[in-house]
Structures are given as C-alpha cells and as structure tokens.
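Letters A, B, ... mirror the listed sequences (proteins, then strands); counts begin at 1.
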Protein chains: 2
Amino acid sequence: MMEQYVKILKEHAIKITPQRLEVLKYLDTHRNHPTAYEIYEALKKDNPSLSKTTVYNSLEVLQRHDIIHSLTISGSELRYDFRTEVHHHFLCRKCGKIIDIDVGCPYMDEFLNGGHRVEEVHGYFKGICKECLKKKGE
Amino acid sequence: MMEQYVKILKEHAIKITPQRLEVLKYLDTHRNHPTAYEIYEALKKDNPSLSKTTVYNSLEVLQRHDIIHSLTISGSELRYDFRTEVHHHFLCRKCGKIIDIDVGCPYMDEFLNGGHRVEEVHGYFKGICKECLKKKGE
DNA sequence: TATAAAATTGTAATAGTTACAAATTTGTAA
DNA sequence: TTACAAATTTGTAACTATTACAATTTTATA
C-alpha cells in the first residue's frame, strides 16, 4: 500500500511521516493537478487533526527533492503534480480543468542559447477545451 | 508623446483616461515585466492620488483587449508585458530577473492535437541566468 | 528506552488581488 | 459650450493563498 511511497522518501533521505506519505499518495493517485487546499480537504477526512501548514510543508519538501512539481498556470494558486517526464499543460478557461499535454517540445534546447542554466521547463496553454467546445455547439 | 497610446485605446474603443495612458506607456517603456505594485509605485511619483485599484483596473481592461499580457511565471504575483509576438520567458532563481526568450516553438501547433482551442501560449523556463552563473565562478 | 533533532499543529501574520460605494471624469448630444 | 448618463477613479475593507512562529508531538538513532 504505502511501501512504494516509503521507498521514495527513503531514497531521498526524507524523514518518513504519515502526513508526507498521504500527501504523496494523494498526488500519485489524483493526477488532476490539485491545489494545496484540495489535498488538505481530502486528507482531513481520514485525519481530522491534519494541519494546512503540514500540507504546505510536505509539498515543499517533496518539491525540493524533485519528487513533485508545482504549476503556476492559473496565476492565483499553485497546482501540484506528481513528477513525470516533461509534459505541458492546458488550462480551460471555461471548466477550469488542467489537462496534460503529453508532448515535449523538441526545440526546447534551442531556447537555451542565451547561456542560462535551465532547471525547469513549463509549457502552458490556455483556451477552451474540447469538451467545452462541444457543449457550446449543442 | 501620448498620441500613440491614445491611438491604441481608440482602436479598441476603450475610454481614454490619463491613468490608462500612463499604465500603457509605462509597460511600453519598461519591458522588464513589472508587477502591478511596481507600476503603481512608479506612476505615483507624478500622480500622488493614483489608486492601486486603478492600476489593477487599467491592467485588466488592457489585458482583456489583448493589448498587454500577464505572466504567471513566478507563482506569487502576476507580471505584465506589453504585447509583442509570441515569445517565451526565463526566470532566474538567483536575481529574480525575467528574461525574454525570443524564439517561438515551431512545434507548438502539435500540442493542440487534443482538439482544444488554444488562445494563449506561455513558455516558462526557470534556472540560473548567464550573469549569475558568471558571478558564481568568480 | 531515552534523547536530540525534526515535524506537526494551530494561530496569527503577510502579500497580492478584488469588492464596493462615493466622488469624479469621460464621451456624447442638445 | 453645456448638461448628463454611463463609466472610471479613489480609498478602504475584504478575501484568498501562503508563510511565520512557538508549543507540542513524533521520528530516527544510540
């Protein structure tokens, strides 16, 4: 159940706590780019004494070790993502959904010709998603 | 002096006010992706009665008419950009500077194969800029 | 099992942004 | 040019996401 998450934390020499395991598990099993608040609300059901600060702290430590990523796509709040290969994101203005765009830009390296050291790449697209376009037409 | 900005607002049928003209001029002449607060602080010098809300309102209307864009690159506050052709941005974690990356990704359209209608494209890179890398070595 | 270091909790503070009502300004038409 | 309705500006207060901090609890280790 939790062994896989224990393993991840151990590999990164992060102290193991139930809260961190739950946050990590939640992100692994909910790939819809939740906010810190959504994670907090969900985990509070099984652990009513959970603190919002703990969720933020857990997200921070997981992010620092590159186990998860945060997205700044919305501009008002951060979204969190279980780390996978580089991919991009589409934000639908209508329904608010954030959809994975599973293509890396093959020309990405060209952007780096300025001599900067690039550690993160974010591709954000915004518009109206396929489903909302369909609804509109009906 | 201001004629060019008057012209832009007229073309978009936006009511002309000194505040909007100043905000637009500021963004045209300061291409360093300032925050709303930075714009407010700068313009207050010549117009002490300027309200922060007015800056936000002006930015909102200019953005709605696609005259300026906002960047969510930092995650904590919005940055504003006088509209130009599609280009990307690099945020230096060390000095905080946001640098223009003047290359469009030629494979951008491929991302859209999901059938979504894309209205905005943001490419954000984060790392250490050339200048900060140089300083470190010294 | 004892202990030091680190994490969790709860509350309060902070930062960026938005809501709102009163006063002022804008564009238009007589 | 003047008058007026509609829109904008202003100032203050509210709101939301996030961070700071001190007291308590838990973790990893010996």
Inset, instruction - Please work out which residues in residues 27-36 of chain B have a non-hydrogen atom less than 4.0 Å from an atom of DNA chain D and list them by number. - result: none
Inset, instruction - Hey, can you tell me if A:Tyr26 and A:His30 have their rings parallel, tilted or perpendicular (30° and 60° cut-offs)? - result: parallel
Inset, instruction - For the helix from C:dT1-D:dA30 to C:dA30-D:dT1, figure out the bend between the end axes, five pairs an end, and round to 10 degrees. - result: 30°
Inset, instruction - Could you tell me whether A:Lys94 and A:Glu131 have a side-chain N and a carboxylate O separated by less than 4.0 Å? - result: no
Can you give me the N/O atom pairs linking the protein to nucleotides 8-12 of chain C at distances under 3.5 Å, or say none if there are none?
from, atom 1, to, atom 2, distance (Å)
C:dT8, OP1, A:Thr17, OG1, 2.6
C:dT8, O3', A:Gln19, NE2, 2.9
C:dT9, OP1, A:Gln19, NE2, 3.2
C:dT9, OP1, A:Ser49, O, 3.4
C:dT9, OP2, A:Ser51, N, 3.2
C:dT9, OP2, A:Thr54, OG1, 2.6
C:dT9, O5', A:Ser49, O, 3.3
C:dG10, OP2, A:Ser49, O, 3.2
C:dG10, N7, A:Ser51, OG, 3.2
C:dG10, O6, A:Thr53, OG1, 3.2
C:dT11, O4, A:Thr53, OG1, 3.3

Legend entry - Donor-acceptor pair, side chain of B:Ser58 and main chain of B:Thr54, under 3.5 angstrom: yes
Legend entry - Check ion pair A:Arg93-B:Glu120 (N to O, under 4.0 angstrom): yes
Inset, instruction - For B:Tyr56 and for B:Ile14, find the nucleotide of DNA chain C with the closest heavy atom, then tell me which residue's nucleotide is more 5'. - result: B:Tyr56
Inset, instruction - Would you mind reporting whether A:His116 and B:Leu133 have side-chain heavy atoms less than 4.5 Å apart? - result: no
Inset, instruction - To the nearest Å, give me how far apart CG (A:Leu9) and C1' (C:dA7) are. - result: 13 Å
Inset, instruction - Let me know the distance between CD of A:Glu60 and P of C:dA7, rounded to the nearest Å. - result: 11 Å
Legend entry - Sidechain N-carboxylate O distance under 4.0 Å for A:Arg64, A:Glu60: yes
Legend entry - Co-members of the apolar cluster containing A:Leu91 [side chain, <4.5 Å]: A:Leu71, A:Ile73, A:Ile98, A:Tyr124, B:Leu71, B:Ile73, B:Leu91, B:Ile98, B:Tyr124
Inset, instruction - Could you give me the CA-CA distance, side-chain angles and deciding distance for B:Glu119 and A:Phe125, then say whether side chain to side chain contact (heavy atoms under 4.5 Å, CB included) is met? - result: CA-CA 7 Å; B:Glu119 295 168 348; A:Phe125 304 92; over 6 Å; no
Legend entry - Proximity of B:His33 and B:His89 rings by center, below 6.0 Å: yes
Legend entry - Side-chain ion pair, B:Lys25 and B:Glu22, N-O less than 4.0 Å: no
Inset, instruction - State, with a plain yes or no, whether a side-chain heavy atom of B:Ile14 is found less than 4.5 Å away from one of B:Ile8. - result: no
Legend entry - Opening and closing nucleotides of DNA chain D in contact with chain B, under 4.0 Å to non-hydrogen atoms: D:dA7 to D:dT12
Inset, instruction - Please check if A:Val55 and A:Ile67 belong to a single hydrophobic cluster, counting links between Ile, Leu, Val, Met, Phe, Trp and Tyr side chain heavy atoms closer than 4.5 Å. - result: yes
Legend entry - Any donor-acceptor N/O pair, A:His87 side chain to A:Glu85 backbone, under 3.5 Å: yes
Inset, instruction - Kindly compute the distance separating CD (B:Gln4) from CG (B:Leu9), expressed to the nearest 0.5 Å. - result: 11.0 Å
Legend entry - Nucleic acid contacts - residues 62-82 of chain A versus DNA chain D, non-hydrogen atoms under 4.0 Å: A:Ser76, A:Glu77, A:Leu78
Inset, instruction - Apply the test side-chain hydrogen bond (donor to acceptor under 3.5 Å, both in side chains) to residues B:Asp66 and B:His12: give CA-CA distance (whole Å), side-chain angles for both, the deciding distance (0.1 Å), then the verdict. - result: CA-CA 9 Å; B:Asp66 215 36; B:His12 288 268; over 6 Å; no
Legend entry - Length of the CD-P vector between B:Glu41 and C:dG16, whole Å: 11 Å
